Each structure stands twice: as C-alpha cells, then as structure tokens.
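Everything quoted here is computed from the prediction, not taken from an experiment.
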Amino acid sequence: MTVIVNPTALSDHKARDFKMLIDGRWEAGASDPIERVAPSHGVVVSRFPAGSRTDAEHAIAAARRAFDEGPWPRMTASERSAILLKAADLIAARAEELAFLDAIEAGKPITQVRGEIAGSVDIWRYAAALARDLHGESYNTLGDGTLGVVLREAIGVVSIITPWNFPFLIVGQKLPFALAAGCTTVVKPSELTSGSTLVLGEILQQAGVPDGVVNIVTGTGPQVGAIMTSHPDVDMVSFTGSTGVGKLTMTNAAQTLKKVSLELGGKNPQIVFPDADLDAFVDAAVFGAYFNAGECCNAGSRLILHKSIASDVVRRVAELAKDVKVGDPLDPSTQVGAIITPQHLEKISGYVTGARSSGARVAHGGETLDLGMGQFMSPTILEAVMPDMAVAREEVFGPVLSVLTFETTAEAIRIANSIDYGLSAGVWSRDFDTCLTIGRSVRAGTVWMNTFMDGASELPFGGYKQSGLGRELGRHAVEDYTETKTLNMHIGKRTGWWMPQTEKLV
C-alpha cells in the first residue's frame, strides 16, 4: 500500500455556496445551510441549502404543473431527444468541474471520477436515443369487430433520490430516462454530496429543459425525502441507497401505491475455481474490493475460493494490495480515497474488529490510517471467514475483503446464495460449463464471467432479493418510467351484449 498525502491541496479553496432549483428558480432555503467538510482534507468545501418539507412540497407542485399543463410531456420524442443530447454535450464540457466536486465532497479519486463523468455522458446520449424508440403495440388479430392499441404514456411526477457514493453517475442512471419518457421530476441528492447534481440543474436549464421539469431539493431524508416518497402528487419513486432506507421508502410509497424502483445493497461474491486465469482474477479481486474505497453496492467483497488454491490466491491478492495507492483524492495517481464520514470509518473498523473476535484472520491491512488529513482505511483482507459471520453476510461498504472457501460447485452456489442480497456476482473458470452453471444458479441481477464490474449503458442493472426492485439502464430503461394504456376499439355494429337487443316500442 502506497500512501499519498497532500494536505495543502485544498488550503486555498473557497467553499462554494449552492442554491436549490425549484420551478426554474434558484432558492437559498430558509434555514442555515448544510456545510460539507471534505472527507479527505477536513475543510469545508461546499454549502447546500437545508431544504424543508415546504421546499419539497413546492418542488412537487411545480413538477405536477409542468406535467399536467407544461410542454415537456407534449413534445415530440425527437424534441426531447435533442435536448438530452445537448445536455450530454454540456456535461462533457463541464466534466472537470463536476469531477472536482465529486472528488472533494465524496473523497473519490479524481481519476476515477473523470471516468464516471465520461460514463454519464454516454448514458445521457443513450437515453436520448431511447426517447425516439419508445412505442406501444397494435393488435389487428382480434377479429373483424375489434382493434386493440396499447399506448405507453409517461407515468407522471417522479421523485429521484440518490446516494453519496456515486453522486453524478447514479443520477445519470435515472434522470435522463425519466425525462426521455416525458416525466417531470423532483431530485434529492445526498446532503453530503449535492454539488454536482446542482450543477447538473444549471446544465439542464442551459440545454432547454422547461421550468418545473427538473427540480432539485437538497436536505436530509426526514425533512425532504420523506415527503418526496409519500406525497400523493408523486407517481413514482426511484431510490438508490441502503436496504434499510429502501424499505422505509417502500413503506412511505405504499400509502398511495406509487410505483417504486429500488437499487439497494449488495454483498457480492467472486467464485474462483482451480482452472481460472489467476493472474487476471487477482487484479479483478483487488479492483472489485477496493474500487471507490469499497463504498460501492457492487463491490466484490466476498471471495469464495476453492480450497485447493485458497492459500496461494490470498497471498497473491495481498501482494497486489500492497501496491494500491491510498490518499489524496486530488492526486491523479490515487486509487483509494477517503471514507465518507468519521462515523462510517468507525463502522467499517468495527466490522474488522468483530470478524477478528469471531476467529477471522487479517491477511492484509485491517487498520485505519492517520494521514493528517481526513479519514482513511487501509485495504483489508480477512481470511478464515465463516459464512455465518457478520462480515460475510452484511454490507460493510468499505475496503474490506472477506475470504471463504468451498470444495464442490454445489457448496459454492450455496454459500453465494446464503445471504439476503443478490445484486451481482462473478465466476472465474476456463470451463464454460462451470461458468454457465454458476451464472444460472446464483441469484443475482448481474453475473460476470472471467471479469468483474464491467458495464455498459445497454446492459440492465439491478438486484434480486433485498438488493432491490426493478432495473436501470438497458433498452427498457425508458419504459420503466411509463404506464401502459389499452385502447379497445369496436368496429361496426354492436351485437352480443348481455341483454337481448329489442326494437324500441312506440
């Protein structure tokens, strides 16, 4: 592990003051702002309005008017597509500004965030293409007296709630598809990392999105998120975050039976067989565990290794982990940045302590790092982990890799499926039958074969079990923000009703 320290990088940075976007106007909020302290440097870098229930209600009302009376749902698909494409170009033009905000507010390595912004640009362009592909169905096969047409209509007002770990990327997995369908929206970014989403609001105004179509309210879940998920004028909620908050979101939405899309936690296994390409796997294991400091629902946080290779693989993964560069997110060579808050660092450390007391061994790392700037955790490997340990079953959301072992394929599948999550998984073997057996048996929304954490805008993303409901991305992503309506049309003279037809008596 290489430590990169640059505590003076933000010493001259002036904290940026942001406003909320409600009905086309930028609002400061009535309360004292939320100050965001950079997790990497310990200085205030941003101030966001502390939105209130009233702010959320005003935003929902604006979105409702924009949907019921405004031009956005009534535009042609090509008109909406053109605006989304312009937004993508403007995002690309401001990529460095957006990357800097995510890096300092979330503690993410700047090189990584630049890649995320580029990926977001591709997603916006993909959503723009799907806008023009949205269509219904027709049925001319129901007999001479009937023609059936199925329409797809925008579902209405959508509340979008995003987390702190991928501030700009995840709003990009939701918002452009809702807009492509013709919906109007209220967006709540995490109160820890709101900056890049608020800049996105400026971009969308510049691209030509009408007032009220995208409203951005900053603040906490109890003050803002609760009303966004329960208000009767909201038709759908799209939420990414923890499973616990996802359950609360679903409970709130149930009051008015809203459609709910949830992308939640994960405890993702990588299953490795003796015939695997271990050179390729070891690199993927380190990347999968420590990308985004492990603060990633898709992290490959469980290695399920065949017993015959376990000792050798753990040794090789530990050797490569020593080369991981930890430290200042603004240094382009940094690979693992800061942990989001001191409280979360304490939680991660507590999982490591608990695992050791339960009999697991630390093969690498295991300690917090005092770099004289913010809060950091060393990349950690725990071996001799048993399937019933908390560290093997619960989402640590940090750079902690748990190693379990198996002897048979059936045992590997059983261990992989033994937890409450089912977001993603990986399998490593040169035998295609083995890969397909695992791929068809592990209950996860994505199964990577001889790779890990690859993705594309065209591929759906989401989980089984308590990893969520619904899918994001893919060619059906716009359809998720629609309702279907059947038009059943009768042709010619009506006959055969319940009661006999009789001549009218004079």
Side-chain angles (χ1 to χ4, degrees), residues 21-25 59-94 120-140 147-160 171-187 200-216 233-236 238 259 261 457-458 460 470-489:
L21 178 60
I22 300 176
D23 202 13
R25 297 183 297 274
I60 292 168
R64 187 79 262 168
R65 286 193 302 273
F67 185 78
D68 292 343
E69 305 168 14
W72 187 254
R74 295 157 188 86
M75 287 182 178
T76 66
S78 62
E79 289 171 327
R80 285 198 296 270
S81 178
I83 291 173
L84 295 179
L85 286 171
K86 186 175 181 180
D89 291 341
L90 293 170
I91 292 168
R94 298 179 70 172
S120 295
V121 171
D122 183 71
I123 294 172
W124 280 84
R125 289 174 176 156
Y126 183 62
L130 290 182
R132 302 187 67 168
D133 189 52
L134 187 65
H135 58 84
E137 306 163 2
S138 62
Y139 293 87
N140 194 34
L147 177 65
V149 174
V150 180
L151 306 180
R152 281 202 172 272
E153 298 182 342
I155 198 169
V157 175
V158 181
S159 286
I160 294 174
V171 75
Q173 292 179 185
K174 302 174 183 290
L175 181 57
F177 299 102
L179 295 178
C183 296
T184 59
T185 61
V186 180
V187 180
L200 177 62
E202 298 174 4
I203 288 170
L204 294 178
Q205 284 186 318
Q206 187 180 353
V209 174
D211 292 349
V213 173
V214 176
N215 305 273
I216 304 171
D233 282 343
V234 172
D235 301 294
M236 177 179 173
S238 180
K259 183 177 182 179
S261 175
S457 300
E458 292 85 352
R471 296 292 182 268
E472 296 180 341
L473 303 177
R475 67 187 182 91
H476 299 296
V478 174
E479 294 179 6
D480 289 343
Y481 295 93
T482 67
E483 292 274 25
T484 57
K485 176 185 287 183
T486 297
L487 302 183
N488 191 324
M489 296 173 276

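Side-chain atoms of Q205 come within 3.5 Å of backbone N or O of G24 as a donor-acceptor pair.
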For residues 70-79, dump all side-chain donor-acceptor pairs below 3.5 Å to protein atoms at least two apart in sequence or in another chain.
| residue | atom | partner | partner atom | Å |
| --- | --- | --- | --- | --- |
| W72 | NE1 | L179 | O | 3.1 |
| W72 | NE1 | C183 | O | 3.4 |
| R74 | NH1 | F67 | O | 3.1 |
| R74 | NH1 | G70 | O | 2.5 |
| R74 | NH2 | F67 | O | 3.2 |
| R74 | NH2 | D68 | O | 2.7 |
| T76 | OG1 | S78 | OG | 3.0 |
| T76 | OG1 | E79 | N | 3.2 |
| T76 | OG1 | E79 | OE1 | 3.3 |
| E79 | OE1 | T76 | N | 2.9 |

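Rounded to the nearest 0.5 Å, atoms CD1 (I123) and CZ (F177) are 6.0 Å apart. The line from OG1 of T185 to CD1 of I216 is 8.0 Å long, rounded to the nearest 0.5 Å.
The shortest distance between side-chain heavy atoms of E472 and K174 falls below 4.5 Å. Side-chain atoms of L175 and L200, non-hydrogen and from C-beta on, do get closer than 4.5 Å to each other.
Checked for salt-bridge contact, R475 and D133 miss the test: no charged N lies under 4.0 Å from a carboxylate O. Electrostatic pairing of R25 and D211 does not count as a salt bridge here, judged by no charged N lying under 4.0 Å from a carboxylate O.
Looking only at atom types and distance, the side chain of Y481 has no donor-acceptor partner in the side chain of E479 under 3.5 Å away.
Scored by the salt bridge (charged side-chain N to carboxylate O under 4.0 Å, His left out) test, E202 finds R94 as partners (sequence neighbours excluded). Partners of Q206 by side-chain hydrogen bond (donor to acceptor under 3.5 Å, both in side chains), not counting sequence neighbours: none found.
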Exercise. Does the side-chain contact (heavy atoms from CB on, under 4.5 Å) test come out yes or no for K259 and I155, once each step is laid out?
Worked result: CA-CA 9 Å; K259 183 177 182 179; I155 198 169; 3.7 Å; yes

Exercise. Would M489 and V149 satisfy side-chain contact (heavy atoms from CB on, under 4.5 Å), going step by step from the backbone distance to the final call?
Worked result: CA-CA 8 Å; M489 296 173 276; V149 174; 3.3 Å; yes

